[in-house]
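Read the structure below first, then the notes.
All values derive from a computational prediction rather than experimental measurement. Nothing fancy with the numbering, it's 1 onward along the sequence.
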Amino acid sequence: DVLLFGLDRVDPPEQEFLTRSPMRHVYAADVQRKGGSTAAREALAHLHSEAREFAVHLDCDVVSDEEFPAVNVPASGGLRMEEVRAALTEAVSQKNLVALDVAQYNPDKDPDGSGAKKLVDLLTDTLKARLDALAAPPAELPPSEPETSSASSGQ
C-alpha cells in the first residue's frame, strides 16, 4: 500500500493517474483543513498502521517554499512546517514504523544553512516523540467482566 500525503502541485498526467489509481492520496488542502495530526491519524488508519509495518518517506518539497525553499523544485503553496511537524509526529509515534527517509533537501539552495536547521529541528522534535512513544507503558485495558459458568450458577 502507498499513500501520498500532502499533495499540492499535481500536473494533469499525475492527476489522471491518481484518478484511475487505487492509490490513496491526501491533498495539502485537506491536511490544512483538518490539521496535520488529524489528517495523519486518518491516513494511518487507512494504512492499518496499528497492525502492519510501514515506512515514511518525507519529501521536503511538500513544505511551502515560503517556509522551506531549500529544495530542487520550490513552489508556493504546500504545507506549513508546523503541519508537517504534526503529521510526522503522529506517524513516527506508531509502533509499526520501520523506516523514515528524507529526500529533496538541497544544500546548494541553502547558503546560510537555515533550511538545514529547520530540517534538523523537525527531525529532532519528531524523533523525540518516537522515543517518548516507545518508552511509554502500554495502555491498560479496562477490567473484564467476571465469567460465570452454568455449573457455578446452579443450572
If you round to the nearest 0.5 Å, how far is CG of L18 from CD of E16?
10.5 Å

Closest heavy-atom pair and its distance - D110, S114
OD1-N, 3.2 Å

Any donor and acceptor pair, going by atom type alone, linking the side chain of D11 with main-chain N or O of E14 inside 3.5 Å?
yes

Tell me whether R130 contacts the main-chain N or O of L97 through its side chain, where contact means a donor paired with an acceptor under 3.5 Å.
yes

Taking atom CG of D125 and atom CG of L88, what is their separation to the nearest 0.5 Å?
10.0 Å

Heavy-atom donor-acceptor pair, E53 side chain to N96 backbone, under 3.5 Å:
no

Are L127 and L44 connected, step by step, through hydrophobic side chains (Ile, Leu, Val, Met, Phe, Trp, Tyr) whose heavy atoms are closer than 4.5 Å?
yes

List for me each residue that meets side chain to side chain donor-acceptor pair (under 3.5 Å) alongside R80, sequence neighbours excluded, and say none if there are none.
E83

Keeping the roles fixed (side chain from T38, backbone from G35), state whether a donor-acceptor pair exists under 3.5 Å.
no

Are any side-chain N or O atoms of S49 and backbone N or O atoms of A45, one a donor and one an acceptor, separated by less than 3.5 Å?
no

Flag the pair L58 / L122 as yes when at least one side-chain heavy-atom distance between them is below 4.5 Å, and no otherwise.
yes

Which heavy atom in G115 sits nearest to a heavy atom in Y105, and how many Å separate them?
C-CE1, 4.1 Å

Distance check, rounded to the nearest 0.5 Å: E42 atom CD versus D30 atom CG?
9.0 Å

Kindly compute the distance separating NZ (K34) from CZ (R41), expressed to the nearest 0.5 Å.
11.0 Å

Locate the shortest heavy-atom distance separating S37 from A86; write the atom from each residue and the value.
OG-CB, 3.6 Å

Q104 side, atom CD; N106 side, atom CG - distance, nearest 0.5 Å:
8.0 Å

Closest non-hydrogen atom pair between G6 and L79, with its separation
CA-CD1, 4.0 Å

Going from CZ on F54 to CG on L3, what distance comes out if it is rounded to the nearest 0.5 angstrom?
11.0 Å

Can you tell me which residue pairs pass the ring pair (Phe, Tyr, Trp, His ring centres under 6.0 Å) test with a partner in residues 13-50, sequence neighbours excluded?
H25-Y27

Which pair of heavy atoms, one from K109 and one from P74, lies closest together, and at what distance?
NZ-CD, 4.4 Å

Give the minimum heavy-atom separation between T89 and T126, together with the two atoms involved.
OG1-CG2, 3.2 Å

May I ask you to test the V26-L4 pair for a side-chain heavy-atom distance under 4.5 Å?
no

